[in-house]
Amino acid sequence: MTNFEETNLSENFQEKIFDGLNPPQVEAVKCLEGPLLIVAGAGSGKTRVLTCRIANLLAHGVEPREILAITFTNKAANEMKSRIGKMIGDTARATWISTFHSFCARVLRKDIEVLGTYTKNFTIYDASDSKNLIKECITDLGLDADRFTHVPKIISREKSNLVNAAQYTEKSLEVKEGGDYVTQVAKIYTVYEKRLVDNNALDFDDLISVTERIFREHPEVCEKYQDRFRYISIDEYQDTNLAQYRLVKHLAAKYKNICVVGDADQSIYGFRGADMRNILNFEKDYPQAKIIRLEQNYRSTKMILAAANGVITNNVMRPEKNLWTEKEQGKQVRFIHCVSDKTEAAFVAREIKKLVTQENVRYDEIAVLFRTNAQSREFEERFIQADIPYLVVGSLKFYDRKEIKDIVSYLRLLMNPRDNVSFLRIVNVPRRGVGPINLTRLTEFATSRNLAIFDVISNDEFLFQVPQLSPKVTQKLREFAAMILSLSASKDKLPVPAMIEAVLKESGYLSSLTEGEEATKLDSASRVDNLSSFVSSAQDFAEMEPEGTLEDFLNHVALITDVDEIEEENSRVSLMTVHAAKGLEYPTVFLTGMEEGLFPHPSAATVSAMEEERRICYVAITRAEENLYITAAGERRNFGKSYATEVSRFVYEIPRECLATFSERHSLNSNFRTASNAEAIHEQKYYPDHRNRRAAVEKMKAKIIMSAAKEKIDWQPGNQVRHKKWGLGTVMDVQNDTLKILFANPEIGEKNLKTKFAPIEKI
DNA sequence: TTGAATCGCGACTCT
DNA sequence: CGCGATTCAA
């Protein structure tokens, strides 16, 4: 950077930082020291304020590395990073902008060893890993797993309230009614806690609570971070739970430069311990706090905002607020009462087609929202038929797929040999002739010696002591151990993507899918496809973080969510739950399934739970910029049966003048006299073999994947290719499935790429 | 041990 | 209805 630019920097800053901000926003951006609460209504530009405020801190000479910003999703973090980067340049990279969980993971990778129980290479277990481990604890205690199905939820809740197993046990002694049950839960919790340590693993809640514990028990570590992060901002503060709240409190205790942003009306994470009181009591925590309200909405039309306000005013427990907009009046919210869930999906598909073909709307300007993930299926089926490109955000996360979890388990085992959960998952995948009986024997032996299972099989002295192992099995286990050890030896030498390819190959995982009978199976193709996406995501990661280790990549994989990955390249309709839509906005929104018994969800038994449902509805409505459709089905299929449903109370809470109501019943053609008849016709038409409807959908999906696939291309030197990231190139050499490609971009140069994995097309 | 067939139960939201 | 867990035969 030249001196000239340097001198112009601060004027430039002023312009960029304050340009287009309204007075309260300016005030917030200017307030740099001390505690600050920004009460920011939906669409009031809070992200912008947070971003500009950080830029302003930097403009005032605060070092980038002194800044910590916690956001709700990784996507929001990345967006903020890139916006700040645009304002002030590369130095912004040194700021820590991340989610609570990523922040904690980073702290723990550095400092977890002060506890003496974990090592830095710990594994992060996702929800299903920890659920499985808990189940194992239950059966090992000789208890009936069916009676304890919601123990994972209980434990998670206790952890987010910073109650550990010992404290829970103590608490359980005082419980009078149902004390038996609680006592047993306490036992399960205790065993689970111990197993996590044995496995050198942390679950999601541990990431927060263990970090909090370190800050509490080791003031010297805490102070290190206090001195480092002298300026802290927390987004979506209304959704923090006790653990997160305490964590923030520790961090901010010394300098008290803490800025929190939030909106109590958008608190929708009560189920994981979020406590609105954290934001409502901010002034009590920090009596000198400055409070700024952002009440001008820049997102939605007057009509949509009035609808949202009409709904949320029905909440009693709510701070006074007046959100307004200068935007145009806009169209009324359209409410369509459909016959069934099927016709609802059909309506949405038709309307989307109409918008796209007649009104020049792009697919990616449209979102379909629902309360529960299960509702997405109907839309998916319909959209496939109608050729509407879509993206389901959430539900089955990409990294939750079997094949991905398998490979991740291999990688985890390489990192952390103590990880028995991952070991047991993959030791017989692909089949190595090691069945459950042998594994139980192994596990029992390892547990009795206080060893990790992998330690046993990688050490002949131990392995030969395991009772009742046949020589065949022993041999297989030794081969497995040797394979893992040899992969492990190369883990620091190979770049992450190459490492993954090596695992796929050496483990025999890939060939088990591509060779023999498996290869002809329908889902093998899509699994291989997913694995190739996994490798490309590792390539993306390696590009973004050239220094990134396998550990860093696994961190990333454990903490990334689908919302983080909404891509902008292809125009697709987004399908997601309201929760996943938080923080996002779309010109056109379909809010679907607005029925009693679904939204509000029947589990909302108390007044405060119902108020949370209403806030979820408020969040949904306020995602829309111009067009909002609300739909309800008169009849919905659940567990294979159809039920009559009633329109959600929230629909009636929308002011009449904001709502245009349509009923599908009156506009049906003669074929559709009754709902059941309509469904019969629907089945016949689209699924000739409707006993196998699911397979039909899979087939359609596979077809789509196939048509895009680059398989069976006859590659020749001289072929021109286009790579998703690296642009144009020429094939220089072909060896089996590996292409040597010279890219036009001199910075990329020559690369060796696997045809199966590389995101390339022949041109 | 493995693969196929059957059984039984279940779904709210997410890091 | 669909999935995962369990059961059973080879």
Side-chain angles (χ1 to χ4, degrees), chain A residues 70-74 98-105 124-132 135 139 145-146 149-150 152-153 156 159-160 202-209 236 239-241 243-244 267-274 341 369-378 393-397 399-400 402 428-439 470 472-473 476 517-518 555 557-564 576-582 593 597-604 609 612-613 615-617 619-620 636-642 690-695 697-698:
Chain A
I70 302 286
T71 58
F72 200 65
T73 62
N74 289 297
S98 67
T99 61
F100 269 110
H101 290 83
S102 309
F103 168 76
C104 290
I124 301 171
Y125 283 167
D126 68 21
S128 75
D129 297 323
S130 66
K131 214 172 131 193
N132 291 338
K135 202 172 168 194
T139 42
D146 290 342
T149 46
H150 48 279
K153 259 184 199 163
S156 166
K159 285 189 180 186
S160 54
L202 282 78
D203 65 22
F204 279 137
D205 302 300
D206 285 339
L207 289 174
I208 314 288
S209 61
E236 307 282 11
D239 281 325
T240 50
N241 60 32
Q244 293 165 329
S267 172
I268 58 172
Y269 281 93
F271 68 91
R272 65 174 200 218
D341 47 354
L369 306 184
F370 31 76
R371 176 70 233 274
T372 69
N373 280 307
Q375 288 164 259
S376 77
R377 168 163 287 146
E378 215 61 67
V393 181
S395 69
L396 227 204
K397 285 197 303 183
Y399 295 107
D400 277 345
K402 277 187 227 74
N428 199 32
V429 180
R431 302 260 179 252
R432 296 189 176 92
V434 185
I437 296 179
N438 287 314
L439 289 177
S470 72
K472 209 173 166 185
V473 170
K476 288 283 184 189
E517 287 175 26
E518 281 294 317
N555 249 2
V557 167
L559 299 175
I560 200 91
T561 68
D562 270 14
V563 186
D564 304 329
M576 66 189 119
T577 63
V578 181
H579 283 85
K582 180 157 200 201
L598 190 59
F599 196 179
H601 196 270
S603 61
E612 176 143 322
E613 291 293 311
R615 289 193 293 272
I616 298 169
C617 180
V619 167
R636 183 170 294 275
R637 217 163 239 272
N638 223 355
F639 293 127
K641 273 188 169 174
S642 269
H690 73 186
R691 282 162 307 171
N692 215 345
R693 211 176 53 158
R694 181 79 190 137
V697 171
E698 284 303 323

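In the text below, chain A, chain B and the rest are named by the order of the sequence lines, each starting its count at 1.
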With a 4.0 Å cut-off on heavy atoms, is [X] in touch with a base, just the backbone sugar-phosphate, or nothing at all?
X: A/Phe100; value: nothing
X: A/Asp126; value: nothing
X: A/Ser603; value: base
X: A/Asn428; value: sugar-phosphate

Below 4.5 Å, heavy atoms only, C-beta onward: do A/Arg636 and A/Gln375 meet side chain to side chain?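 SC-SC contact between A/Arg636 and A/Gln375 confirmed.
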
Between A/Phe204 and A/Asn638, just flag the one whose closest nucleotide in DNA chain B comes earlier from the 5' side.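 Comparing both residues, the 5'-ward one is A/Asn638.
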
Nearest nucleotide by nearest heavy atom, which residue falls closer to the 5' end of DNA chain B, A/Lys153 or A/Asp146?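 The residue closer to the strand's 5' end, by nearest nucleotide, is A/Asp146.
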
Does a side-chain N or O from [X] land closer than 4.0 Å to OP1 or OP2 of [N], or not?
X: A/Arg377; N: C/dG2; answer: no
X: A/Ser102; N: B/dT15; answer: no
X: A/Asn373; N: B/dT13; answer: yes
X: A/His579; N: B/dT13; answer: no

Nearest whole angstrom, please: distance from the [atom2] of [N] to the [atom1] of [X].
X: A/Glu612; N: B/dT13; atom1: CD; atom2: C1'; value: 8 Å
X: A/Lys159; N: B/dT15; atom1: NZ; atom2: P; value: 18 Å
X: A/Phe639; N: B/dC12; atom1: CZ; atom2: C1'; value: 11 Å
X: A/Asp400; N: B/dC14; atom1: CG; atom2: C1'; value: 11 Å
X: A/Glu236; N: B/dT15; atom1: CD; atom2: P; value: 12 Å
X: A/Ile560; N: B/dC14; atom1: CD1; atom2: C1'; value: 14 Å
X: A/Lys131; N: C/dA5; atom1: NZ; atom2: P; value: 9 Å
X: A/Lys641; N: B/dC9; atom1: NZ; atom2: P; value: 15 Å

Is there a donor on the side chain of A/Arg371 or the base of B/dT13 sitting less than 3.5 Å from an acceptor on the other?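 Under the 3.5 Å cut-off, the side chain and the base do form a donor-acceptor pair.
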
Ring centroids only, cut at 6.0 angstrom: are A/Phe72 and A/Tyr269 within range, meaning strictly under it?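 Under 6.0 Å, so yes.
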
Ring centroid separation for A/Phe271 and A/His601, is it under 6.0 angstrom?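 Between A/His601 and A/Phe271, which both carry aromatic rings, the centre distance is not below 6.0 Å.
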
What's the gap between B/dT13 and C/dG4 when it is taken at their C1' atoms, as a whole Å value?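 Taking atom C1' in both B/dT13 and C/dG4, they lie 22 Å apart.
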
Gap in Å between the two C1' atoms, one belonging to B/dC12 and one to C/dA5, rounded: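 It works out to 23 Å between them.
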
Would you say the base of B/dT13 stacks on A/Phe271 (centre-to-centre below 5.5 Å, plane angle below 30°)?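 It does: the two rings, one from A/Phe271 and one from B/dT13, meet the stacking criterion.
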
Stacking check A/His101 vs B/dT15 (5.5 Å / 30 deg):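 The ring of A/His101 is not stacked on B/dT15.
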
Donor-acceptor pair, side chain of A/Ser160 and main chain of A/Ser156, under 3.5 angstrom: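 Judged by distance alone, yes, a pair lies under 3.5 Å.
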
When you get a sec, tell me which of B/dT15, B/dG3, B/dT1 is the closest nucleotide to the side chain of A/Thr99?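 So the nucleotide nearest the side chain must be B/dT15.
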
Side chain of A/His601 (C-beta onward), nearest among C/dA5, B/dG3, B/dC12: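 Looking only at heavy atoms from C-beta outward on A/His601, the closest nucleotide is B/dC12.
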
About how many Å separate CZ of A/Phe599 and OG1 of A/Thr577, when rounded to the nearest 0.5 Å?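 Rounded to the nearest 0.5 Å, the OG1-CZ separation comes out at 10.0 Å.
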
Quick one: list whatever passes side chain to side chain contact (heavy atoms under 4.5 Å, CB included) with A/Asp203, sequence neighbours left out.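 Result, side chain to side chain contact (heavy atoms under 4.5 Å, CB included) vs A/Asp203: A/Ser130, A/Lys159, A/Tyr192, A/Leu196, A/Asp205, A/Asp206.
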
